[in-house]
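As the structure is a prediction and not an experimental result, all values here were calculated from the model. Heavy-atom basis, side chains included; hydrogens, waters and symmetry copies ignored.
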Amino acid sequence: MTTTTAHGRRTPAADTASPLRAAVRRTGASCAVLFLVATASTGLSLALPLTLGRALDVLLTHPDGTGAARWVLWCTGIVVLLAVLDAVETVLSGTTSARATAWLRHRLTGHLLAVGPRAGERFGSGDLVARLVGNAAQAGTAPASLAALLAAVAGPVGAVAALGLLDPWLAAVFLAGAPLLALLLRTFAQDTSRCVADYQRAQGRIASGLAEAIGGSRTIAACGTADREVARVLRPLPGLTRAGHRMWHVQGRAAARAVALAPLLQLGVVAVAGVLLVRGRLTVGEMLAASRYAVLAAGAGVLVGQLSGLVRARASARRLGEVLAEPVTPYGHRRLPPGQGRLELRGVTARRGGRTLLDGVDLVVPGGSTLAVVGRSGAGKSLLAALAGRLADPDGGTVLLDGVPLPELDHDELRGAIGCAFERPALLGGTVADTIGLGVRAAPPDRIRAGAAAARADTFVRRLPDGYATPCRDAPLSGGERQRLGLARVLARDSRLLVLDDALSSLDTVTEHQVVDALLHHSPGGTRVIVAHRVSTAARADTVAWLDGGRVRALGTHPQLWREKAYREVFADAEG
């Protein structure tokens with residue numbers, strides 16, 4: 001089973017369905033090496049008690065130390081190797097986690113951009129950032145944690161086997177209490193998983209509230225409601241605290257039970273070893289080794305901490321999986337035939353939040369013409385613009401460009417044919433020139449300047465410290481200047497269809513008239529769809545689509561519609 005990416009490439013569905021398994025496969029070589037190193041370290045830890053016991057027996061048998069030096073050297077070598085392997089394991093664990101985290105973030109970022117605006121609408125920008133930053137980092141520790149956990153399990157298992165080799169009764173005594181340890185670990189994993197899920201959901205809600213507050217910081221400052229917003233953002237904090245306390249309570253309770261059970265098992269093994277020593281079935285050195293193996297075997301309780309980390313990583317990976325399960329926007333392989341950008345909506349229905357905003361809309365915009373879309377707030381104007389630019393797909397019906405359904409077009413063909421401008425354009429790119437040329441491969445300077453001139457942005461750009469080479473972050477821009485850069489971006493493209501979603505709202509009347517004139521007479525694009533709030537913009541369009549109640553209430557020229565009182569009231573509401 002495969003899925004289609006934004007650019008038409010096919011990727012394994014497993015990467016979407018299970019980011020944890022995909023990350024483990026991605027770091028498979030590092031995990032294998034880490035497992036081998038950790039297993040070697042465990043093996044040496046198991047060999048050390050027997051070597052120490054043998055050295056003690058030799059010393060007791062030969063008080064002058066004859067033959068003991070060799071065993072002491074073996075013990076020293078094992079201790080040195082354990083230190084080296086521990087250092088190697090630490091480095092490998094850190095690098096494996098870093099690589100897995102980087103891959104998960106790259107995978108998630110690419111998927112989010114392939115899904116498009118729908119991801120932000122469903123999850124919220126703050127929650128997505130929390131998942132991309134915090135949850136990806138936690139999930140990235142899973143491959144290293146899994147490899148270390150599997151190797152760590154070899155410690156208790158090997159210790160029990162060593163007890164059995166010394167004497168079967170020693171292993172039998174320990175195994176009598178082993179089911180309790182296994183039940184403890186199983187219960188701990190289940191309880192921790194629920195607590196971690198609650199904790200991470202609360203973190204996501206706080207992040208979402210914080211992102212909203214940052215976006216509206218000027219409004220909050222102007223209204224003097226900072227205290228109220230702080231309370232709103234931190235409203236999930238008590239739930240976060242409760243989930244955190246439950247998580248630590250579960251881990252502390254499991255650790256306490258392990259600590260209480262482990263000494264009992266160790267005492268049982270040592271007591272039986274003492275009896276066997278008296279009966280001559282064990283030497284003093286073997287009894288020393290048995291006591292040490294009892295400690296290692298009871299080390300199943302130490303696995304609580306490692307298991308906790310793996311459970312948290314799995315919960316984080318589950319949250320990443322929710323995002324990766326969101327289907328990407330599919331594209332076809334068709335090319336556009338020759339044309340001027342004829343746009344057609346056939347029975348288009350679109351819903352948002354359970355509401356039907358567009359209901360069976362039929363609309364044809366002839367190639368080379370200008371359509372103004374007007375209507376009261378909530379009439380679906382921006383949604384219609386998003387459908388025309390294929391920033392969203394309808395729930396029913398079809399949108400066509402020059403006779404080709406938009407979903408059937410090749411990605412590059414579609415994005416090259418349609419240019420979009422928005423009310424609040426994102427100034428992406430290192431410099432002003434980069435943001436104007438965004439989306440145009442190797443955009444020549446003359447095209448960038450021509451787009452800026454058409455959008456009446458060239459004059460103020462040249463006044464910037466470094467002109468078009470000024471970094472966007474260092475350019476003090478007003479709302480209108482930002483909009484003009486967004487308009488310059490679409491006017492610098494050779495697009496068949498230009499979609500302007502309230503992209504003229506921050507311009508003064510004179511500048512708006514000049515930009516609209518450039519759109520109508522100097523734009524390289526064939527067809528223009530403009531979401532209009534001003535009478536002057538609608539008056540200059542070839543046709544006006546009046547949206548009302550999710551449908552096209554009327555379609556005609558501005559002078560024709562102006563006879564309707566309800567139409568005039570649309571602009572009265574928009575212009576105050």
Side-chain angles (χ1 to χ4, degrees), residues 1-17 106-122 323-352 357-358 360-369 371 380 382-422 438-441 489-490 493-501 524-529:
M1 181 178 177
T2 58
T3 57
T4 305
T5 66
H7 297 278
R9 291 187 292 269
R10 312 285 290 180
T11 57
D15 285 358
T16 297
H106 185 273
R107 176 79 178 88
L108 192 65
T109 301
H111 187 81
L112 285 173
L113 296 178
V115 171
R118 187 176 68 251
E121 294 171 1
R122 176 182 172 186
V323 178
L324 293 173
E326 193 71 15
V328 302
T329 301
Y331 291 89
H333 302 282
R334 293 185 63 179
R335 313 290 293 184
L336 283 170
Q340 289 185 300
R342 183 177 187 270
L343 178 67
E344 185 177 358
L345 281 71
R346 296 179 182 172
V348 167
T349 297
R351 304 178 185 89
R352 290 295 182 271
L357 297 183
L358 297 176
V361 173
D362 292 304
L363 183 64
V364 176
V365 186
S369 67
L371 174 74
S382 292
L383 182 54
L384 188 146
L387 296 175
R390 222 219 157 181
L391 300 177
D393 285 326
D395 297 290
T398 308
V399 182
L400 304 95
L401 181 63
D402 282 329
V404 182
L406 296 187
E408 296 181 11
L409 286 173
D410 173 77
H411 172 271
D412 293 339
E413 181 79 357
L414 174 66
R415 291 305 162 204
I418 302 177
C420 300
F422 310 98
L438 189 69
V440 181
R441 295 180 180 177
R489 181 186 299 157
V490 297
R493 297 164 63 95
D494 185 15
S495 303
R496 294 193 189 193
L497 173 64
L498 297 183
V499 180
L500 277 63
D501 182 8
T527 305
R528 295 155 291 275
V529 175

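Counting only distance, with no hydrogens or angles, the side chain of D410 and the backbone of R334 share no donor-acceptor pair below 3.5 Å. Of the possible donor and acceptor atoms, none in the side chain of H411 sits under 3.5 Å from a partner among the backbone N and O of Y331. Without hydrogens or angle criteria, T349 side chain to P394 main chain gives no donor-acceptor distance under 3.5 Å.
Side chains of R390 and P407 form a contact here, defined as non-hydrogen atoms less than 4.5 Å apart. Side chains of R118 and T329 form a contact here, defined as non-hydrogen atoms less than 4.5 Å apart. Under the 4.5 Å side-chain criterion, counting only non-hydrogen atoms from C-beta, R107 is in contact with L324. Using a 4.5 Å cut-off on side-chain heavy atoms (C-beta onward), L497 and V365 make no contact. Proximity of P337 to V404: side-chain heavy atoms (C-beta onward) are separated by under 4.5 Å at one or more points. Taking 4.5 Å as the limit, some side-chain heavy atom of L371 sits within range of a side-chain heavy atom of L363.
Taken to the nearest 0.5 Å, the CG atom of L414 stands 8.0 Å off from the CG atom of L336. Put simply, OG1 on T527 and CG on L498 are 8.5 Å apart, with the number rounded to the nearest 0.5 Å. To the nearest 0.5 Å, atom CG of residue L391 and atom CG of residue L406 are 10.5 Å apart. Atoms CG and CG, from L383 and L358 in turn, are 4.5 Å apart once rounded to the nearest 0.5 Å. C420 contributes atom SG, which lies 6.5 Å from atom CZ of R415 (distance to the nearest 0.5 angstrom). Here R496 contributes atom CZ and L401 contributes atom CG; the two are 6.5 Å apart, rounded to the nearest 0.5 Å.
The two atoms that bring A388 and I418 nearest to each other are O-CD1, 3.6 Å, heavy atoms only. Of all non-hydrogen atoms in L387 and A350, the two that sit nearest each other are CD1-CB, 4.1 Å. Annotation for R352 and A392: closest pair NH2-CB, 3.3 Å, computed over non-hydrogen atoms. Closest approach of D501 to A385, counting heavy atoms only: CB-CB, 4.2 Å. Here the closest non-hydrogen pair linking T398 and V348 is O-CG2, 3.5 Å. Taking all atoms of both residues into account, the shortest heavy-atom contact from D362 to G347 is OD1-N, 2.6 Å.
Scored by the salt bridge (charged side-chain N to carboxylate O under 4.0 Å, His left out) test, R342 finds E344 as partners (sequence neighbours excluded). For R351, the salt bridge (charged side-chain N to carboxylate O under 4.0 Å, His left out) criterion is met by no residue, not counting sequence neighbours.
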